[in-house]
2 protein chains.
Amino acid sequence: MPADWIAQFPGLLRLEPAVREVLTRKSAVITVPEGTVIFGPGKSPENLLLLLEGRVRVQQVSEGGREIVLYRVEAGQSCVLTTACLLAHEDYSAEGIAETDVRAVAIPRPVFDDLVSQSVMFRNFIFTAYSRRITDLFQVIEDIAFQRVDIRLAQKLIDLERGTGQIKATHQQMAAELGTAREVVSRQLGEFQRRGWIRQSRGSIDLIDLSGLERLAALDVG
Amino acid sequence: MPADWIAQFPGLLRLEPAVREVLTRKSAVITVPEGTVIFGPGKSPENLLLLLEGRVRVQQVSEGGREIVLYRVEAGQSCVLTTACLLAHEDYSAEGIAETDVRAVAIPRPVFDDLVSQSVMFRNFIFTAYSRRITDLFQVIEDIAFQRVDIRLAQKLIDLERGTGQIKATHQQMAAELGTAREVVSRQLGEFQRRGWIRQSRGSIDLIDLSGLERLAALDVG
DNA sequence: TCCCGTTCAGTGATGATGTCACCAAGCGGG
DNA sequence: CCCGCTTGGTGACATCATCACTGAACGGGA
């Protein structure tokens with residue numbers, strides 16, 4: 001009964017039956033513990049991952065040791081950059097980290113190649129996923145270049161709060177989310193706290209007035 | 001004798017003969033005049049372009065009307081983002097503009113699909129090109145987030161000077177290259193001029209001491 | 001339990017960059 | 001030659017980055 005994970009990927013639902021059979025037979029469901037570096041400089045992945053549960057954070061690490069979060073791969077999405085990473089032999093400076101325990105379908109490179117070759121639907125699935133990521137990157141570029149940090153911080157807080165009303169992250173980690181400096185985050189969060197939108201404690205942030213943050217976040221463009 | 005453009009694309013040289021035949025027979029060499037918008041919001045391209053001559057500038061246009069140059073496609077490269085653009089039906093906010101007159105091989109979407117399906121080499125070619133572009137985007141993000149503008153401007157000047165020692169661009173256009181404001185470019189260029197590295201005139205910049213710019217550009221990271 | 005080293009957060013000073021408002025110079029078309 | 005548009009220059013100020021330093025919070029031995 002391992003086959004039914006396909007239902008979690010709308011783009012694969014209409015897969016040709018023969019292809020579908022190959023996909024389910026030649027791939028494996030794996031689990032990866034939280035914190036694992038899935039790919040990174042000098043660590044090419046051997047598989048394309050389709051996430052069933054959990055979350056992968058993809059971030060850029062610069063030579064100066066600074067980090068910036070590029071995007072996250074959520075359950076139901078695929079980690080397509082690994083495919084480009086598989087084929088191009090330049091080293092990526094980006095790395096993917098399991099942000100939670102992850103359960104995923106692992107498609108070995110030869111099988112991936114086979115599927116791309118044989119199935120129009122699978123090709124669509126892959127190229128659509130690419131498109132999605134590239135759009136994400138465009139958005140990151142636009143935000144960093146043109147958006148005020150207070151607005152971006154408010155947006156990020158809303159984005160990272162997953163129903164819990166709380167975010168477990170240090171100021172340093174929030175700075176990496178935005179590609180800015182820790183001090184900037186500290187000061188902005190201080191301001192948010194003065195306005196009664198959040199409450200801070202070491203290593204976590206409680207959101208107590210989401211609507212205030214949302215008003216700021218909505219200012220968006222200039 | 002139209003077939004020999006393949007020699008300009010190292011990644012296609014070892015193409016399987018049958019595939020090579022399909023590629024040359026079903027694609028067309030087209031020319032596009034300078035200034036043409038090749039793809040953009042609301043304008044999906046019908047073809048994948050492989051550039052034989054000329055240059056395409058790909059830039060992001062934000063809602064606030066601001067622009068930022070993402071990368072350039074040069075002769076011998078392919079404009080792969082158009083493939084993602086072809087398949088994914090979200091509108092891109094990026095646009096591609098012919099920066100010079102362009103001569104290119106146009107591969108219609110069905111032929112592209114066919115080639116991806118049939119040829120390992122062609123798949124490699126495409127995914128490698130993707131990888132290259134994504135790496136470019138990572139670099140743009142890192143530069144915008146962490147690099148000083150004077151250094152980036154010096155690098156860009158060196159990059160855009162193509163043997164002529166001169167760059168035809170307004171300060172506004174240079175600002176778009178870096179994702180910064182015109183005033184910042186004006187002031188930095190003023191400083192470069194005071195140092196004797198460049199001479200400015202309306203709409204163009206003469207580089208008269210490349211080594212000075214290179215020293216600054218080499219400071220790179222922090 | 002108490003040290004004690006480490007991580008995390010707060011803050012002032014200062015430099016770099018972005019924004020706004022405005023002016024002047026250059027260029028081209030009537 | 002005049003006029004309007006584009007381009008570039010500049011001061012004032014806001015925002016953001018960096019540096020240097022402080023103290024608080026936490027956790028792991030002794």
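Residue numbers start from 1 in every chain, and the chains themselves are labelled A, B, ... in the order their sequence lines are given, proteins ahead of strands. Since the structure is predicted, the reported quantities are computational estimates derived from the model, not experimental observations.
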Testing C/dG18, C/dA9, D/dT7 for proximity to the side chain of B/Ala181, the answer is C/dG18
Worksheet item: Got a salt bridge between B/Glu191 and B/Arg195, using NZ or NE/NH1/NH2 to carboxylate O under 4.0 Å?
Response: yes
A/Asp150 atom CG is separated from D/dA14 atom P, nearest whole Å, by 15 Å
Heavy-atom nearest nucleotide on DNA chain C taken for B/Gly179 and for A/Gln193; more 5' hit belongs to A/Gln193
Counting only distance, no hydrogens or angles, is the base of C/dC20 paired donor-acceptor with the side chain of B/Glu183 under 3.5 Å?
yes
Exercise. Would you mind classifying the nucleic acid contact of A/Gly203 as base, sugar-phosphate or nothing, using non-hydrogen atoms under 4.0 angstrom?
Key: sugar-phosphate
Practice prompt. Considering only NZ, NE, NH1 and NH2 on the basic side and carboxylate oxygens on the acidic side, decide whether A/Arg57 and A/Glu177 come within less than 4.0 Å.
Written response: no
From CD of B/Gln200 across to P of D/dT10 the rounded distance in Å is 10 Å
(message) Checking A/Val73 against A/Arg133 for the side chain to side chain contact (heavy atoms under 4.5 Å, CB included) test, could you report, in this order, the C-alpha distance in whole Å, the side-chain angles of both residues, the deciding distance, and whether it holds?
(response) CA-CA 9 Å; A/Val73 185; A/Arg133 292 312 164 196; 3.9 Å; yes
Taken to the nearest whole Å, CE/A/Met174 to P/C/dA9 is 11 Å
Could you check whether A/Arg148 gets within reach of a base, just the sugar-phosphate, or nothing at all, counting any heavy atom under 4.0 Å? sugar-phosphate
Checking C/dT17, D/dT10, C/dG10 against the side chain of B/Arg187 (C-beta onward), the nearest is D/dT10
Are OP1 or OP2 of C/dT19 and a side-chain N or O of B/Arg66 less than 4.0 angstrom apart? yes
Whole-Å distance, B/Ile68 CD1 to C/dT17 C1', equals 15 Å
If we ignore hydrogens and angles and just use 3.5 Å, is the side chain of B/Thr135 paired with the main-chain N or O of B/Ser131 as donor and acceptor?
yes
task: Considering just the side-chain nitrogens and oxygens of B/Arg182, establish if one lies under 4.0 Å of OP1 or OP2 belonging to C/dT17.
output: no
The answer to which of A/Arg202 and A/His171 contacts DNA chain C further toward the 5' end, by nearest nucleotide, is A/Arg202
Output yes when at least one side-chain N/O atom of A/Thr180 is less than 4.0 Å from OP1 or OP2 of D/dA17, else no.
yes
Exercise for the section: Quick one: label A/Arg152 by what it contacts on the DNA or RNA (base, sugar-phosphate, nothing), any heavy atom closer than 4.0 Å. Expected result: nothing
Is A/Glu74 salt-bridged to A/Arg162, cutoff N-O under 4.0 Å? yes
Here the distance between atom C1' of C/dT11 and atom CZ of A/Arg194, to the nearest Å, is 11 Å
Between CG of B/Leu219 and C1' of C/dA16 the distance, given in whole Å, is 15 Å
* With a 4.0 Å cut-off on heavy atoms, is A/Gln188 in touch with a base, just the backbone sugar-phosphate, or nothing at all? -> sugar-phosphate
